[in-house]
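Have a look at the structure below, then the notes.
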Amino acid sequence: MLGTKLWMPTSGSSVNYGVAQPAGGRGGGGGSVRIVAMTVTIPQKFRRAEFNSPPQEIQRPKVAHSLAPEKVELFKSLEGWAESTLLPYLKPVDKCWQPQDHLPEPSCEGFFDEVKDLRARAACLPDDLLVCLVGDMITEEALPTYQTMLNTLDGTRDESGASPSPWGIWTRTWTAEENRHGDLLNKYLYLTGRVDMRQIEKTIQYLIGSGMDPETENNPYLGFVYTSFQERATFISHGNTARHAKHFGDGKLATVCGLIAADERRHENAYTKIVEKLFEVDPDGAMLAFADMMRKKISMPAHLMYDGQNEHLFDDFSLVAQRTGVYTARDYADIMEHLVDKWNVASIQGISGEAQNAQEYLGSLPSRIRRLEERAQAKVKKGPKTGSFSWIFNREVALL
Ligand SMILES: [Fe+2]
Ligand SMILES: [Fe+2]
């Protein structure tokens, strides 16, 4: 499928809306800077195969498996640790909330009144918040892609589909917990009557069909850095939508988003615990992996989203998230800094020269990115610029 009829680049990096990133290769401590697409543009490594078709990854040489065989053994040796330390981050089904706990009960007589109340509350939500909610929901609904990604990882993948290995148990149970997120948001938004569900469903189908490539090379070191970052990113964005929903008078929606944010936080704690363990047992490997992912930049899981109409859907969605403060370019640097602190990157000793270079790069990166991002933001010419979203019946929303 890939590699055919590739001719039209999607939008690339944007100085105005992008995030500043130091240029250069491995261990780059100084040197020039460039502004790269981070949260608001589709990376140039993705292209559209033909007009009116979803973005696809450019076919190019890749590192398929970068984990050394002895490191596969290391993950095998960590199974006892995973069982005792990682799995407790998961919650038993009986202790989990379910989407139905927070939706009108269709078997009850009061169902229609409950729906009426829900719609009355949702009537107060501004269109830009609806766009953020829909974008977040679509991201959650592409869960098959994320389970696939976890099951590519050498040494931790679920080998049989029902493996008793703690890594396999983690992946399946994490997926099962995550599945409630898209389910709840989807049903809630459906009941509001304010969104075009068919367009949303098309976007989900396109997105799952497109997949994603986080450049984790089937390597769990890279994979768990990626998931640590992404769980925190979703914790931040769902938490912000909760605050916005409350502000606009939909307390029940705020509760929904808050519950999802709490799950994301728990998952973030689990994934960061894995990387923390890797820093303990293999500080060189963990340091190099963290720096590698930061140099590659963390691509957003839904960066290939498409609704059959808007070639720049992800860019537009990201701009609305940025403008409303639901998820911003600054959050990217904050997450990076949070992880640098969490994993005590600066104080790790006894590492190789190459890992020391990576350590230096990581320590200086958040403040450099933040400084450059502030400069880039200062250059942004604010509005008027609007975009229409098929998700809300093509109503116009301010992008800048
Ligand atoms: Fe989620
Ligand atoms: Fe998550």
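Both ligands and their constituent atoms are indexed starting at 1 by order of listing.
Nearest N/O/S atom of E231 with respect to the Fe ion (ligand 2) is recorded as OE1.
Considering the Fe ion (ligand 1) as centre, the angle to OE1 of E140 and to OE2 of E264 is 130° (10° rounding).
Within the 6.0 Å centre-distance limit, the rings of W170 and Y271 are counted as a close aromatic pair. Annotation: Y332 is in aromatic contact with F229 [ring centroid separation under 6.0 Å].
For R266 and Y89, the positive end is not near the middle of the six-membered ring at less than 6.0 Å and at most 45° from its axis.
Residue contacts to the Fe ion (ligand 2): E178 brings an N, O or S atom closer than 2.8 Å. Among the atoms of H181, an N, O or S atom falls under 2.8 Å from the Fe ion (ligand 1). For the Fe ion (ligand 2), the set of nearby N, O or S atoms under 2.8 Å includes none belonging to D263.
Here the shortest heavy-atom pairing between D213 and H303 reads N-NE2, 4.3 Å.
Side chains of T386 and V397 form no contact here, defined as non-hydrogen atoms less than 4.5 Å apart.
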